Engineer: 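Here's a structure for you.
Computed from a predicted structure; not experimentally measured. We use all heavy atoms of the structure for the numbers below, so side chains are in, but hydrogens, waters and symmetry mates are not.
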Amino acid sequence: MKKRWWKILCVVLLVYVILGALLFEVPRLAILNETIRNLHFHVTMWFGMIILLTVSVVYAIKYLRSNRIDHDHYSVEFANAGVLFGILGITTGAIWANFTWGEPWSGDPKQNSSAIALLIYLAYLVLRNSLEDQQQKARVSAIYNVFAFAALIPLLFILPRMTDSSLHPGNGGNPGFNAYDLDSRLRMIFYPAIIGWTLLGTWLVSLRVRIRKIKTALED
């Protein structure tokens, strides 16, 4: 993480993604029209969130096996970054829904399950802050993290597909984007965006973990 190349790559990718998402030609689809550009922010931020939360739960398991406090630091900071991208993702999704569905929050099953998933992780952060003992805080939150991640997957990928009332692509019987319009023009930005947001989250984690280590050293 001390090498700079991935940080430079992060900046280059995100500059490319922002410019490309706003300026490149996109497919003209009924209802979506120019709002399809939000695909590169809303959807890719959620992909970044899932990746960051996956890394978080891996570090939680590593902490439970080793009791190394640095594993706890990485676990909570990857969770923090994941929650941040989750909030950004749900916000950009509400903006998109306002233009395409007529209102920012329509009670869509995917919206509701995503909100529940975020609330579960926000409760994880509240739980951490309610405990004083460092080892107890790390162990309890690591166990909670595992169960939170186990709830995240069905909430985002399984339950919305079990209903016919969802308006989201790929849910409720609706075709996913890749079935008809995630063509080469979108893919040129979509995949770099996932990498770019994930690297940005990792960058934030590295800074936050460094701050934690400095605070720990000063307290000792």
Side-chain angles (χ1 to χ4, degrees), residues 1-11 13-14 43-91 112-160 191 193-220:
M1 289 299 178
K2 292 182 179 180
K3 296 182 179 179
R4 296 181 179 178
W5 66 266
W6 64 275
K7 297 177 182 177
I8 297 173
L9 176 62
C10 172
V11 173
L13 285 176
L14 290 183
V43 179
T44 56
M45 283 179 177
W46 276 92
F47 270 96
M49 176 199 72
I50 293 168
I51 294 170
L52 294 169
L53 293 180
T54 300
V55 177
S56 173
V57 76
V58 168
Y59 272 106
I61 294 171
K62 290 175 71 173
Y63 173 78
L64 292 173
R65 296 180 62 183
S66 66
N67 283 330
R68 286 179 52 183
I69 199 63
D70 59 323
H71 287 161
D72 175 64
H73 289 168
Y74 279 105
S75 179
V76 65
E77 293 306 340
F78 270 106
N80 280 329
V83 169
L84 172 62
F85 278 99
I87 293 172
L88 292 173
I90 210 167
T91 302
N112 292 338
S113 60
S114 299
I116 293 171
L118 275 179
L119 287 174
I120 289 173
Y121 271 94
L122 288 172
Y124 158 79
L125 300 177
V126 172
L127 175 65
R128 279 190 65 91
N129 292 328
S130 67
L131 300 173
E132 295 294 336
D133 182 74
Q134 183 63 43
Q135 291 297 330
Q136 182 188 31
K137 176 188 295 188
R139 179 162 292 276
V140 171
S141 59
I143 294 171
Y144 184 101
N145 196 340
V146 173
F147 284 101
F149 188 80
L152 177 73
I153 302 305
L155 281 170
L156 294 185
F157 300 108
I158 299 176
L159 295 181
Y191 296 120
I194 296 174
I195 298 171
W197 297 126
T198 303
L199 287 177
L200 179 61
T202 305
W203 195 346
L204 293 174
V205 169
S206 67
L207 293 174
R208 293 280 299 174
V209 169
R210 189 179 304 173
I211 293 172
R212 283 181 175 271
K213 290 179 176 179
I214 292 173
K215 286 183 178 179
T216 301
L218 291 175
E219 290 173 357
D220 294 341

Engineer: If I compare all heavy atoms of Phe78 with all of Thr202, which pair ends up nearest, and what's the gap?
Structural biologist: CE2-OG1, 4.2 Å
Engineer: Would Val11 and Trp203 count as a side-chain contact (heavy atoms from CB on, under 4.5 Å) if you check the C-alpha gap in whole Å, the side-chain angles of each, and the deciding distance to 0.1 Å?
Structural biologist: CA-CA 11 Å; Val11 173; Trp203 195 346; 3.8 Å; yes
Engineer: Are any non-hydrogen side-chain atoms of Phe147 and Val57 less than 4.5 angstrom apart?
Structural biologist: no
Engineer: Identify every side-chain donor-acceptor pair in residues 81-90 under 3.5 Å, counting partners at least two apart or on other chains, and give the distances.
Structural biologist:
none

Engineer: Would a 4.5 Å heavy-atom cut-off, applied to side chains only, mark Ser114 and Trp46 as touching?
Structural biologist: yes
Engineer: Would you say Tyr121 and Ser56 make side-chain contact, with heavy atoms under 4.5 Å?
Structural biologist: no
Engineer: Quick check: closest heavy atoms across Ala138 and Arg128, and the distance to 0.1 Å?
Structural biologist: CA-NH1, 4.2 Å
Engineer: What distance do Arg139 atom CZ and Gln135 atom CD have between them, rounded to the nearest 0.5 Å?
Structural biologist: 8.0 Å
Engineer: Could you note down all residue pairs passing side-chain hydrogen bond (donor to acceptor under 3.5 Å, both in side chains) where residues 150-160 supplies at least one of them, sequence neighbours left out?
Structural biologist: none
Engineer: Got a donor-acceptor contact below 3.5 angstrom from the Thr54 side chain to the Ile50 backbone?
Structural biologist: yes
Engineer: How long is the gap from CH2 on Trp197 to CG on Leu14, to the nearest 0.5 Å?
Structural biologist: 5.0 Å
Engineer: Which value, rounded to the nearest 0.5 Å, describes the distance between Ile8 atom CD1 and Leu13 atom CG?
Structural biologist: 12.0 Å
Engineer: Return the SG to CG distance between Cys10 and Leu200, rounded to the nearest 0.5 Å.
Structural biologist: 5.0 Å
Engineer: Looking at side-chain heavy atoms only, is the closest gap between His73 and Thr216 below 4.5 Å?
Structural biologist: yes
Engineer: Report the relative orientation of the aromatic rings in Tyr59 and Tyr74; use parallel for angles under 30°, tilted for 30 to 60°, perpendicular for over 60°.
Structural biologist: parallel
Engineer: For Tyr144 and Tyr124, which heavy atoms make the closest approach, and how far apart are they?
Structural biologist: CE2-CB, 3.3 Å
Engineer: Between Asp72 and Lys62, does at least one N-O distance fall below 4.0 Å, as a salt bridge requires?
Structural biologist: no
Engineer: Of Val140, Leu122, Asn145, which is the lone residue that meets side-chain contact (heavy atoms from CB on, under 4.5 Å) with Leu127?
Structural biologist: Val140
Engineer: Would you indicate whether Phe47, at its atom CZ, is surrounded by more than 12 heavy atoms from other residues, nucleotides or ligands within a distance under 6.0 Å?
Structural biologist: no
Engineer: So does Glu132 pair up with Lys137, basic N to acidic O under 4.0 Å?
Structural biologist: no
Engineer: Closest approach of Leu156 and Met49, non-hydrogen atoms and distance?
Structural biologist: CD1-CE, 3.8 Å
Engineer: In Å, rounded to the nearest 0.5 Å, how long is the span from OG of Ser75 to OH of Tyr63?
Structural biologist: 10.5 Å
Engineer: When rounded to the nearest 0.5 angstrom, what distance separates CG in Leu155 from CG in Asn112?
Structural biologist: 10.5 Å
